[in-house]
Amino acid sequence: MKRSLLITAFIVILVLAAVTLTISLTSSSEVMGTQADEEASDVPFWKTSIIYQAYPRSISDELPDGTGDLVGITSKVDYLRDLGVGVVWLSPIYESPMKDFGYDISNYTAIDPIFGDMDDFDELVARFHEHGLKVIMDFVPNHSSDQHEWFQKSVRREEPYTDYYVWADPKGTDDDGSPIPPNNWLSVFRGSAWQWNEERGQFFYHQFLASQPDLNFRTPAVREDMQKILTFWLDKGVDGFRVDAILHLFEVKDLTLNEPEVPGSEDPDDYASLNHIYTTDLPETFPVIRDWRVLLDQYPDKLLMLEVYSNNMETLMKYYGNETYPLGDFPFNFLLIDHLKNRSELTGESLRTTVGLWLDNLPKGKWPNWVLGNHDVGRVASRVGEDLVDALNMVILLLPGTPVTYYGEEIGMLDTFISWEDTQDPQGCHWGQDHYQEHSRDPARTPMQWDESKFAGFTTANSTWLPVNPNYKTLNVAAQILAQTSHLKIYRELAVLRREEVFMKSNVSFPVITKDIFTFMRQLESYEQYLVVVNLSQKPVEVNLLQNTTQELPQKANVVMRSITDTSENTKPGMEVPLDKLPLTAGEGMVLTLSSEV
Ligand code: GLC
């Protein structure tokens, strides 16, 4: 009896062990399976993912001092995973005097204490990777902080740092005996790009703030140091870089050359008053990017995205490189920001032209990307209207290419009014009290709105580095999770939808384009066909999509998703709608599947 009991117990244990083993094998093989699938299909992660820009000062303040930090960002890993983004790009978190909020780096391989320490960073990367999220660092090679030891040593002409920065003798002296800069070059933030350094007795060049001296990429040791910095972070396991201000990396050798004035410009301190032929987009830049590409390619699957602000398509496309000389995986596509500054510029036709500009100029084998906002421009909902939030997310998430979302745009955050007294951004400050509002970047950098509690759940400190938008009581993540329909819910659904093969693999066509209406279609043989329709006008319309179409469309379609502004019973998801009489609210976007019979 005892023996048979023992045998039974033994069998039970064996069965349990087998079950446990099967369960653990199944879940791990699922994880392995996903990775293996990705590897097998050879699609780099950044082609299938949404990129989310986290501005570290404003995500979440877990070490409460009013400014966000790394522990705060790590605490949001579940939120980010549930949102459906695959890549998180961190704006600079390096040691910095914060004159330009981290874009002035005094140590490229240290974390600024305001954000935490290296352990916090390692923890962030580990947790993000555990959750299947990639981490991209901001890389700022054009300039360092004037507090960087390289600059301090360069001022003292200590080798090998003497030529680490761009130094020049004065052109002469003015009537007061003050040194005159070598040329007329201007800083992006206004005024001369040259700053006199008494100790060295020379001017140094700064494309941005005087506290951000430009590094001299003609000095081989600078290039080597930058490679070492990239290697440091790659060895730590980061998944790639967003390269800051790449257009400015070189300037011509002859520092006596003046840049030509733009005819009709009235403000000689305004950066826009010169044509920057000697200080931007120099051919010497490309071999440097190429070296970075080669370095990154020594590691598996790394992303290199480049910040290139230009409205010249030829200039922009050069930064992709080509099939035999690949450079960045992509230069950011800022056309949706630049061409669509406000609602009056936004029509079906202008959107079609803007989207086409990128797609039609894309070099062979290269991949598009779509950006609606970032830390340097106003929030998209404020620029073009809150009613368009869902529609524009439909556009960037469902067009072919990689969408880039600036934090808060998934809930439709708006610009925040910042008084002159509260203004932090140096660009705003440089324009003075009368004009700061046209140039300050603070309104789009305010704390993320998590819930309706004090400071929107961003911090438990007594103040925040920039004021929280007063609309946080109603416009916040928690409220949008609870609401039956919300921007956040639409965003999450879109993130799931875009993973369908038809969105990953098919080409795009634009069957109906009018002043009011923008449409695009994604179709792939033997897959469901999707049609996205956007009403860009500020009034409700009933459109006949069967008229003026370049493609044969069926009479009817089924609603998959619609903007939250539409509450009609007739257009609820799942409903069949007539394409010759499709009702749309102002700014509405609708995702439809087409019935197969035409
Ligand atoms: C880039 C950054 C911007 C910064 C500038 C100088 O344009 O996006 O925020 O001020 O470079 O680093």
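Whatever order the structure lists them in is the order used to number ligands and atoms, beginning at 1.
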When you compare the side chains of D239 and H129, does any donor N or O come within less than 3.5 Å of an acceptor on the partner?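 Checked: D239/H129 side chains pair up, N/O donor to acceptor below 3.5 Å.
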Do we see a donor-acceptor contact under 3.5 Å between the side chains of D235 and Y299? yes
Check for me whether R379 meets the cation-pi criterion with Y407, that is, NZ or CZ under 6.0 Å from the six-membered ring centre and within 45 degrees of the ring axis.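 Satisfied, under 6.0 Å and within 45°.
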Quick one: is the NZ or CZ of K134 closer than 6.0 Å to the six-membered ring centre of F45, and within 45° of its axis?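 Output yes; distance and angle both within limits.
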Does ligand 1 have any atom sitting under 4.0 Å from a heavy atom of F189? yes
May I ask whether K99 has any heavy atom positioned less than 4.0 angstrom from an atom of ligand 1? no
Closest approach of any protein heavy atom to [atom], naming residue and atom:
atom: atom 4 (C) of ligand 1; answer: D100 OD2, 3.3 Å
atom: atom 11 (O) of ligand 1; answer: D244 OD1, 2.9 Å
atom: atom 5 (C) of ligand 1; answer: F208 CE2, 3.7 Å
atom: atom 7 (O) of ligand 1; answer: E307 OE2, 2.8 Å

Number the atoms of ligand 1 from 1 as they appear, then name those within less than 4.0 Å of a heavy atom of [X], with their elements.
X: R441; result: 3 (C), 4 (C), 9 (O), 10 (O)
X: R445; result: 9 (O)
X: H143; result: 6 (C), 12 (O)

Hey, does D376 come in under 3.5 Å of ligand 1, counting only N/O atoms on both sides? yes
Identify the two heavy atoms, one from E410 and one from M448, that lie closest to each other, and give their separation to 0.1 Å. OE2-CE, 3.4 Å
Minimal non-hydrogen separation, R57 against F458, with atom names: O-CZ, 3.3 Å
With under 30° as parallel and over 60° as perpendicular, where do the rings of F101 and W465 fit, or are they tilted in between?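 If you compare the ring of F101 with that of W465, the planes turn out tilted.
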